[in-house]
Amino acid sequence: MRSNQVKKGSTRAAHRSLFYALGHRESDLKKPLIAVVNAQNEIIPGHMHLDDIAKAVKFGILAAGGIPVEIPAIGICDGIAMGHNGMKYPLPSRELIADSIEAMVNGHAFDGMVLIPNCDKIVPGMLMGAARLNIPSIVCSGGPMLPGRLNGTDISVSTVFEAAGRFEAGKISKEELAEIEHTACPGCGSCAGLFTANTMNILAEILGMALPGNGTIPAAYQGARAAFAKESGARIVELIAKNVRPRDIMTLNAFKNAITVDMAIGGSSNTALHLPAIAFNAGVKLPLELFDEISKKTPYLTKMSPGGSHHIIDLHEAGGLNAVMKELDTKGLMIKSAKTVTGKTIGANFKDAVIKRPDVIYTCKKPYRKTGGIAILKGSLAPECSVVKESAVAEEMLKHSGPARVFNSEDEAIAAILGKKIKKGDVIVIRYEGPKGGPGMKEMLNPTSVLAGMGLDKDVALLTDGRFSGATRGACIGHVSPEARDCGPIALVEEGDIIDINIPKRTLNLKVSEAELAKRKKAWKCPPPKVKTGYLARYAALVTSAAYGAVLKAPDEKI
């Protein structure tokens with residue numbers, strides 16, 4: 001056992017003494033030492049119940065013959081961080097989470113880990129840590145929030161963000177806004193729609209790193225979640241015994257399966273950041289072109305909020321991810337031989353699944369759309385890449401040309417939107433909000449929600465070198481790379497330039513001549529950094545392009 005480094009031999013007497021101080025017995029030190037990495041805190045609704053999940057995990061580990069040791073992980077609520085300088089921190093926190101897991105687990109020579117996340121950056125951060133350490137690991141999330149109910153209709157946090165725009169447009173009263181905000185989020189769990197947190201919890205399952213149900217069993221189903229956690233605890237002991245490691249599971253085929261399901265359900269555009277980052281830590285090359293390659297042959301089978309009216313509870317009732325994969329397999333789109341933490345292949349996991357609600361999961365013969373949910377656009381404005389959640393774009397905005405309205409920060413853009421300075425047909429450009437320029441690549445849910453609430457999401461496009469929330473809908477194109485801070489073409493756009501968007505053809509072009517762009521580039525001066533000290537300054541100095549998952553890398557490390 002790996003933990004014998006801190007438990008066995010005469011030179012480890014002092015180490016054992018410290019274990020005895022924790023209440024362990026001599027017999028306990030003969031068992032595998034398992035880190036229960038718990039991201040519980042009292043600021044994220046998705047995390048407030050994770051102590052109960054951790055307790056059940058520990059019961060499962062003890063019953064199976066392991067020794068659970070709970071250790072912490074940080075977490076930031078994207079919803080609360082949204083729309084102010086706090087949003088600079090969530091993406092960089094992903095690296096802190098992976099780094100802290102590396103430090104805690106290697107520092108104490110654990111034999112394995114159970115990872116207990118629930119929200120946006122915590123899930124990929126933990127998976128990055130697992131891939132990097134490559135010791136037996138399993139993910140056990142806290143589950144999705146139930147939707148709120150208002151006048152017989154399911155609503156969620158995205159409803160509230162958009163309601164703010166409706167209020168600003170005079171479409172609802174102050175009292176109606178208050179009723180929505182008091183109703184949308186009824187309790188614990190990751191926000192109820194197919195936003196980034198639930199997308200990543202789902203993909204942890206598809207990658208093979210979590211048991212079936214990880215992404216869909218509601219947090220409020222306490223009995224089912226406790227049983228799931230106990231089984232996850234028992235499984236980690238088995239994974240350690242058989243020395244099954246994350247890199248045995250998270251192979252290129254596993255990532256292809258994850259992208260396929262992501263496209264079929266219309267997951268968050270942030271997966272184009274997180275899956276490459278996890279793959280990088282697993283030693284797997286995952287070019288963004290693969291997303292488009294898979295999207296072209298993958299039908300869009302579910303229309304979840306924010307792109308539709310269904311929430312994760314509906315997907316759970318419909319048969320969950322196994323039912324989605326079983327349907328995709330009718331077209332031969334799943335790689336069934338991929339390994340999972342169940343001890344079975346992914347194909348064996350879904351072989352008996354059935355679609356229980358055909359109103360939620362469509363068939364491959366009659367999908368919502370013949371192609372997948374995310375599109376990677378390239379062109380003169382985005383030579384490396386840009387990303388859009390195609391499934392959440394209105395049909396009339398899939399092709400659009402319009403004049404650029406240029407803003408050097410999110411705050412400037414919001415002020416213009418609220419000031420009624422944006423007209424139908426405009427293309428809003430928000431720049432210097434990328435991984436380096438932000439720094440931290442802020443999500444832009446506030447401006448997109450206000451636009452949607454004002455009814456402009458079918459008339460106005462928005463593009464940025466920052467990114468969008470999983471709750472975003474509309475013609476919102478993020479991850480434009482190279483970013484403005486690196487003097488990408490987005491830095492050279494001027495007010496009134498015509499921008500041409502063609503999502504079906506996967507192009508994003510600036511209608512300005514090469515000669516004019518060369519002239520502008522020669523005159524361009526890099527603005528001073530927005531943050532000069534602390535973690536964000538160090539992050540900005542080390543972070544790579546969004547085209548490579550915005551990972552941090554050592555000077556000699558290759559992407």
Side-chain angles (χ1 to χ4, degrees), residues 36 38-60 75 77-80 114-120 122-123 139-160 179-205 210-233 265 268 302 304-306 308-323 356-357 359-361 470-471:
V36 178
N38 184 5
Q40 190 275 341
N41 62 45
E42 295 182 346
I43 192 64
I44 309 178
H47 286 219
M48 64 178 176
H49 65 304
L50 293 189
D51 277 349
D52 293 332
I53 301 296
K55 187 182 294 183
V57 165
K58 288 187 275 190
F59 286 155
C77 179
D78 280 43
I80 295 173
V114 180
L115 304 165
I116 306 178
N118 216 31
C119 291
D120 291 34
I122 300 91
V123 185
V139 173
C140 176
S141 82
M145 187 185 290
L146 294 175
R149 293 281 287 175
L150 183 63
N151 300 324
T153 301
D154 287 347
I155 64 173
S156 67
V157 69
S158 64
T159 314
V160 192
E179 186 177 17
I180 292 169
E181 69 184 69
H182 280 283
T183 308
C185 299
C188 66
S190 46
C191 296
L194 189 59
F195 314 140
T196 304
N198 286 327
T199 301
M200 291 310 303
N201 277 324
I202 282 168
L203 296 188
E205 186 177 327
L211 299 176
N214 181 72
T216 58
I217 300 171
Y221 290 11
Q222 294 178 338
R225 268 288 157 194
F228 181 89
K230 287 179 184 176
E231 182 61 24
S232 297
I265 62 176
S268 166
T302 71
M304 311 290 290
S305 175
S309 60
H310 292 132
H311 294 81
I312 302 300
I313 179 63
D314 298 297
L315 183 57
H316 179 65
E317 291 175 355
L321 281 308
N322 279 344
K356 299 176 182 177
R357 282 187 57 183
D359 62 313
V360 176
I361 303 174

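Heads up: numbering here begins at 1 and tracks the sequence.
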Using side-chain contact (heavy atoms from CB on, under 4.5 Å) as the criterion, list what pairs up with [X], not counting sequence neighbours.
X	answer
Gln40	Asn38, Glu42, Leu50, Asp51
Gln222	none
Ala318	Arg357, Val360, Ile361
Arg149	Asp154

Within this structure, what is the [atom1]-[atom2] distance for the pair [X] and [Y], rounded to the nearest 0.5 Å?
X	Y	atom1	atom2	answer
Leu146	Tyr221	CG	OH	6.0 Å
Leu150	Ile155	CG	CD1	4.5 Å
Ile313	Glu317	CD1	CD	4.5 Å
Ile122	Cys77	CD1	SG	8.5 Å
Leu211	Cys140	CG	SG	7.5 Å
Met200	Ser141	CE	OG	12.0 Å

Check: [X] side chain, [Y] main-chain N or O, donor-acceptor pair, under 3.5 Å:
X	Y	answer
Ser305	His311	no
Asn214	Asn201	yes
His310	Leu315	no
Thr302	Ile265	yes
His49	Gly142	yes

What pairs with [X] under side-chain hydrogen bond (donor to acceptor under 3.5 Å, both in side chains), at least two apart in sequence or on another chain?
X	answer
Ser232	none
Ser158	Ser156
Asn41	none

Which heavy atom of [X] sits nearest to which heavy atom of [Y], and what is that distance?
X	Y	answer
Ala54	Val36	CB-CG1, 4.2 Å
Pro212	Phe228	O-CE1, 3.4 Å
Ile312	Pro144	CG2-CG, 3.5 Å

- Query: What pairs with Asp78 under salt bridge (charged side-chain N to carboxylate O under 4.0 Å, His left out), at least two apart in sequence or on another chain?
  - Reply: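 Testing Asp78 for salt bridge (charged side-chain N to carboxylate O under 4.0 Å, His left out), a comparison that skips the adjacent residues, returns Lys121.
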
- Query: Who are the salt bridge (charged side-chain N to carboxylate O under 4.0 Å, His left out) partners of Lys58, not counting sequence neighbours?
  - Reply: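 For Lys58 the salt bridge (charged side-chain N to carboxylate O under 4.0 Å, His left out) partners, ignoring immediate neighbours, are Glu70.
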
- Within a radius of less than 6.0 Å around CD1 of Ile43, do more than 12 heavy atoms belonging to other residues, nucleotides or ligands occur?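 Atom CD1 in Ile43 is not crowded, with 12 or fewer foreign heavy atoms closer than 6.0 Å.
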
- Message: Once salt bridge (Lys or Arg N to Asp or Glu O under 4.0 Å) is applied, what residue pairs with a partner in residues 211-231 remain, sequence neighbours excluded?
- Response: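 Listed once each, the pairs would be none.
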
- With the side chain counted from C-beta on, respond yes when Ile44 and Asn118 share a heavy-atom pair under 4.5 Å apart, and no when they do not.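 No, too far: nothing below the 4.5 Å cut-off.
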
Scan the side chains in residues 181-190 for donor-acceptor partners under 3.5 Å anywhere in the protein, sequence neighbours excluded, and list what turns up.
| residue | atom | partner | partner atom | Å |
| --- | --- | --- | --- | --- |
| Thr183 | OG1 | Glu179 | O | 2.6 |
| Ser190 | OG | Gly143 | O | 3.3 |
| Ser190 | OG | Asn198 | OD1 | 2.6 |

